[in-house]
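Each chain gets a letter, A, B and so on, in the order the sequences are listed, and its residues count up from 1.
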2 protein chains.
Amino acid sequence: MQAVPGYGQFCPVAKAMELLDERWTLLVVRELLMGSRHFNDLRRGVPRISPALLSKRLRTLMQAGVIERRDHGGRIAYVLTDAGRELRPVVEALGCWGARWIPELGDEDLDPHLLLWDVHRNLDLDAMPGGRTVLAFRFSGVPRAVASWWLVVDAEGVDVCDTDPGHDVTLTVTTPLRTLVDLWRGQSDWSGAVRDGLVVDGPAWARRALPRWLRLSAFATVPRPAAAATGAV
Amino acid sequence: MQAVPGYGQFCPVAKAMELLDERWTLLVVRELLMGSRHFNDLRRGVPRISPALLSKRLRTLMQAGVIERRDHGGRIAYVLTDAGRELRPVVEALGCWGARWIPELGDEDLDPHLLLWDVHRNLDLDAMPGGRTVLAFRFSGVPRAVASWWLVVDAEGVDVCDTDPGHDVTLTVTTPLRTLVDLWRGQSDWSGAVRDGLVVDGPAWARRALPRWLRLSAFATVPRPAAAATGAV
DNA sequence: CAGTATCCATTTCGATACTG
DNA sequence: CAGTATCGAAATGGATACTG
């Protein structure tokens, strides 16, 4: 029989990993820490998980006391418990390590939908003008179907669209997908992104403001290790 | 095809977990951080891993740049790289979380061999007398074959024995296995352990010194959450 | 919106035995 | 000591379709 699911260790690291080393689990926790609460929001933040598996992971996390399921008048919300909130240091340590030591991304890691979802959550609404602001993104080097995106910002909040919402566009960002991902991750700054093909079209006041509107990943500021001896300048 | 092994995300947490969420991986890293360097030492610290799987995990960790394989005159050593050493905060965060939020242990988690292996690594040799010291452990409530253990401390270092080494015994610790595990993990202190059936036999000077010799898990001092509302006193 | 149900290809892993 | 070889049982989880 191979029916021993756990590690058979009393070590707290092992006991923690029995729960957390299952595929997807910590990414779901990350999304909850980022503020997602509803099933379909979680799916957006963890796009490749199947609904069945997300459902299973949520059940496991509930059993473990990491989250609670709440019914707010028909709307289901998953909220972190104290135990769940205390996973933030774990996720942060993993993210810092990943940012430092796994800089290379495969093409399959460059998910435009996820990128826009992340960006939309981090827009600095206070820095943006009143009324409606529309940011258009056009990615080069990706299939037509996922090349055009819009962020519509108004009093209601922020909407991510993959079809033209029809409003006047404030700024258009045209860029290789990888360039914007590198910027988001802090592997390049704005001037580096421009060197790598990012172009912003629109009125000067908005072009100048964009770097304040579009805040970057929480891990963008993690200091990177010095280049290895083999390495680049 | 389900041939996408990774998460398809550029998030540093996801990239880190692509490597680290594989079963056993982080426990191997934990052992390396604790000072193990050789294949069979790692097996002792991660008892239930099969040699084939350990070998595979080591290869993966090498490819990821977390460890290096060194041949010191026929003796193979696995040593952490900078990237590997920087996993310490990850392991610590996991251990702290596990110590706080997964206090319950199943009987299958109470591995006496692993306990002695951990204890032997943490003995405070400087606090122990010169010459040879022998600590005998007798666990109640476990199969005869794994009930008796000896730690032999001398100038050579510390040996873990599961058969009587034949030396004079300095102290004999008789205890339910779970009691000593709880003590090791910091879920009880010495007086609590004595209440839970731990008995130390031997000369008074040695009995008094034992708590200084036998240091506890690095996670023993993690503060535990206050009892829940349902809870105990 | 918030999930279930089903299916099976694929992978994983544990057990065991063996080797230079 | 430091692994490799082989095997098959079991679980995983991805794809897809469907439901209250």
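B:R121 and B:S36 share a donor-acceptor pair across their side chains, judged by distance under 3.5 Å alone.
Atom pair B:I76:CD1 and D:dT4:P shows a separation of 11 Å (rounding to whole Å applied). One atom, CD of B:E22, and another, P of D:dT12, lie 15 Å apart when rounded to the nearest Å. Rounded to an integer number of Å, the gap from B:L53 CG to C:dA15 C1' is 12 Å. Atom-to-atom, OH of B:Y78 to P of D:dC1 comes out at 13 Å; the value is rounded to the nearest Å.
The side chain of A:S55 lies closest to C:dT4 when the candidates are D:dG14, C:dG14, C:dT4. Comparing C:dA5, D:dA5, C:dG14 against the side chain of B:A52 picks out D:dA5 as the nearest. Comparing D:dG13, C:dG14, C:dC1 against the side chain of A:R57 picks out D:dG13 as the nearest. When the nucleotides C:dC1, C:dA17, D:dG13 are ranked by their closest atom to the side chain of B:P51, C:dA17 comes out on top.
Looking at B:R132 and B:D168, no side-chain N of the basic residue comes within less than 4.0 Å of a carboxylate O on the acidic one, giving no salt bridge.
Residue contacts shown for B:R43 are absent, as no nucleic acid heavy atom lies under 4.0 Å away.
In this structure, A:R23 does not reach the D:dT12 phosphate: none of its side-chain N or O atoms is under 4.0 Å from OP1 or OP2.
Mapping B:N40 and B:R59 onto DNA chain D via the closest heavy atom, the residue that lands nearer the 5' end is B:N40.
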